[in-house]
Amino acid sequence: MSEEKKSLNFIEHIIEEDLANGLPKEQLRFRFPPEPNGYLHIGHTKAIGISFGLGETYNAPVNLRFDDTNPAKEEQEYVDAIKKDIAWLGYSWANEFYSSDYFQKLYDWAILMIKDGKAYVDSQTSKAIAEQKGTPTQVGTNSPFRNRSVEENLDLFQRMKAGEFPAGTHILRAKIDMEDPNMLMRDPMMYRIMHTEHHRTGNDWCIYPMYDWTHGESDYLEQISHSLCSLEFKPHRKLYDWFKDNVYEYSADLLPLAPKQREFARLNLSYTIMSKRKLLRLVEEGIVSGWDDPRMPTISGLRRRGYTPNSIRKFIEKVGVAKRENIIDVSLLEFCIREDLNKTANRVMAVLNPLKVVITNYPEDKEEWLEAENNQEDESAGYRKVPFSKEIYIEQEDFKEEASAKFFRLQIGGEVRLKNAYIIKANAVVKDNNGNIIEVHCTYDKDTSKKVKGTLHWVSIKHAITAEVREYDRLFMHESPDSDKDKDFMEFVNPKSLTVKTGYLEPSLADAKVGEQFQFQRLGYFNVDDDSTADKLVFNKTVGLRDSWTKQKPKPQNKPKPQQQKRTAISVIQQLGKKYTNYSEEKQLRTKAEIQELAKDVSYNDLEPLFGTAVKKVGTRVAVLIALKVLLANGLERNEVINDFIEKAKEDKHEVLVAEATEI
């Protein structure tokens, strides 16, 4: 992989360094360890993509391990859904494991730790234990049971396992240091009593290991080389290593490889909730129809809405692997599905807000079947026939009785082209008693060679089939719905997140199957919902046609007018960099996208003089790094000057600069 080093992310750099330092490549092993207490959501796809992606890159096995240590919240339903989602995304796991597979081994190791004086049974209330933990600025105090004898601890722990005590009477704690500045190291809990049936082990156990105790030791038992997790687990790394080092003493001969924990920034998406607990609340309170509601950010919800595995994998690729948290605009995800479906979805015609058009000079009993191209992006997609007749539906918003010169759709006296058909001219309207237009009377022209500015989609009324069409908006009206500590995230639920309409569709859709995807021309991308039956079609709107993620779009042929001051791209990049480090993460993301676009018009000769920017101007150096990455991706060869600039940035104290340098 040496030729690819310039494009490695920081995790791959760690792996490459370990391989260079003697780790045999055949010992590389990764895992994805979900807790089966809910459905996977879009945030999990980043962890899935990283672990399984590394498996593909290094031809190394990836385990799917369910960390099932809390039977009160875990169900087989979630296990099955997780497996389905990962397989749907296109990934295969080498082995399927469960932390519950290791309950006996974990218990045996806990006994050894008690015997070595490294664990003890605490009989205080949870409130008393919490009070003794201290605070980040105040050390904790020892439990009065901390110095119980080994014999007493062994007796109590074995009786805990035997079910002699009710829940809450005793716990097993590791004996570490109640004055450690890392509060997780202040005698953490290893086992608690739970008289709850486990979805796999039944009632075999009434004590269950805590996550921190189980997780790392499961990695060790599976001989995982690199334990990759999100940034919230970074403070846990010290405890992870403490537990690992202690069990290593017991099993080094049989299990020689000690795993290494490393953390990456998790995926945060705007207008989206990523907490499984909060998503469950949406389900339980009936805000959504279930975990797979198309408004939910769950993988099953995205799948039902019409997202494809390829679009989600492309999204994860664009987001990249970072060391610091940020919020990704949801419109980037929409861009990815739009880009994918543009290549694969057949075009059809459907009208969702119908207005009747009568073509007065078209014969009453005549009908024609006209040829329509299925997908201009796919030559193999072929053609289909669509029926045309005297009476058709168009969209209400495509007609105005009177309109300005900038309205290029149908108006009295104006002409438009009907997609795949004729040119029509509006002559008169019919209104109801309230003055609402209910019909437009038009004439058609067989000369389709004329140039007209507007083209409308339509359906023949007598041939149209009806379907239920579900249009979705964002589930939350707030960009970060769970960020306000003074408000419940439920206050930001969008009451108009679902609109149900009756759609009138061309008859070619009569046999559409669940999951099939189409572009309703001029309206957006839609797929057939799971609720569809032979008697009633139901479509979900996946995404509209308009691309709001403008910075990700290819450069338009008609370039925007230059700014009045006619500043060069490199000067704009410098200006954007000046305040870059003072911006919020969201604004940094937008500014970064703008710099990346500007960098396409920058040469190395423009950029190289800025390598010597003063150290205190960290924002400018960040902007230069962002632009440099674009140039390198477009074929610029690295040289000593570039390498020196990047290395100096990596050694800087500013985390934003270091993060950008590390990604190059």
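Side chains are part of it too, since the values below use all heavy atoms of this structure and drop only hydrogens, waters and symmetry mates.
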Donor-acceptor contacts under 3.5 Å from residues 347-361 side chains, at least two apart:
from, atom 1, to, atom 2, distance (Å)
R347, NH1, N342, O, 3.1
R347, NH1, A345, O, 2.7
R347, NH1, N375, OD1, 3.1
R347, NH2, N342, O, 3.2
R347, NH2, N342, OD1, 2.7
T360, OG1, C442, O, 3.0
N361, OD1, Y444, N, 2.9
N361, ND2, Y444, O, 3.1

Please determine whether a side-chain nitrogen of the Lys or Arg among D85 and R303 lies less than 4.0 Å from a carboxylate oxygen of the Asp or Glu.
yes
Are any of the side-chain nitrogens in E468 or K501 under 4.0 Å away from the carboxylate oxygens of its partner?
no
Between N540 and R305, is a side-chain hydrogen bond (donor to acceptor under 3.5 Å, both in side chains) present by the stated rule, with each step listed?
CA-CA 6 Å; N540 296 321; R305 184 158 174 173; over 6 Å; no
Taking salt bridge (charged side-chain N to carboxylate O under 4.0 Å, His left out) as the definition, give me every residue that meets it alongside R522, ordered by chain and number, with sequence neighbours left out.
D398
I'd like to know if R304 and D529 make a salt bridge, using a cut-off of under 4.0 Å between side-chain N and carboxylate O.
yes
If you measure only the distance, is there a donor-acceptor pair under 3.5 Å linking the side chains of E77 and Y39?
yes
Check for me whether the distance between the ring centres of F32 and Y91 falls short of 6.0 Å.
no
So, are D531 and R470 salt-bridged, with charged N and O less than 4.0 Å apart?
yes
Salt-bridge criterion met for D340 and K314 (N-O under 4.0 Å):
no
Does NZ or CZ of R474 fall inside the cone over Y271's six-membered ring, less than 6.0 Å from its centre and within 45° of the axis?
yes
Any side-chain donor paired with an acceptor under 3.5 Å for Q588 and N326?
no
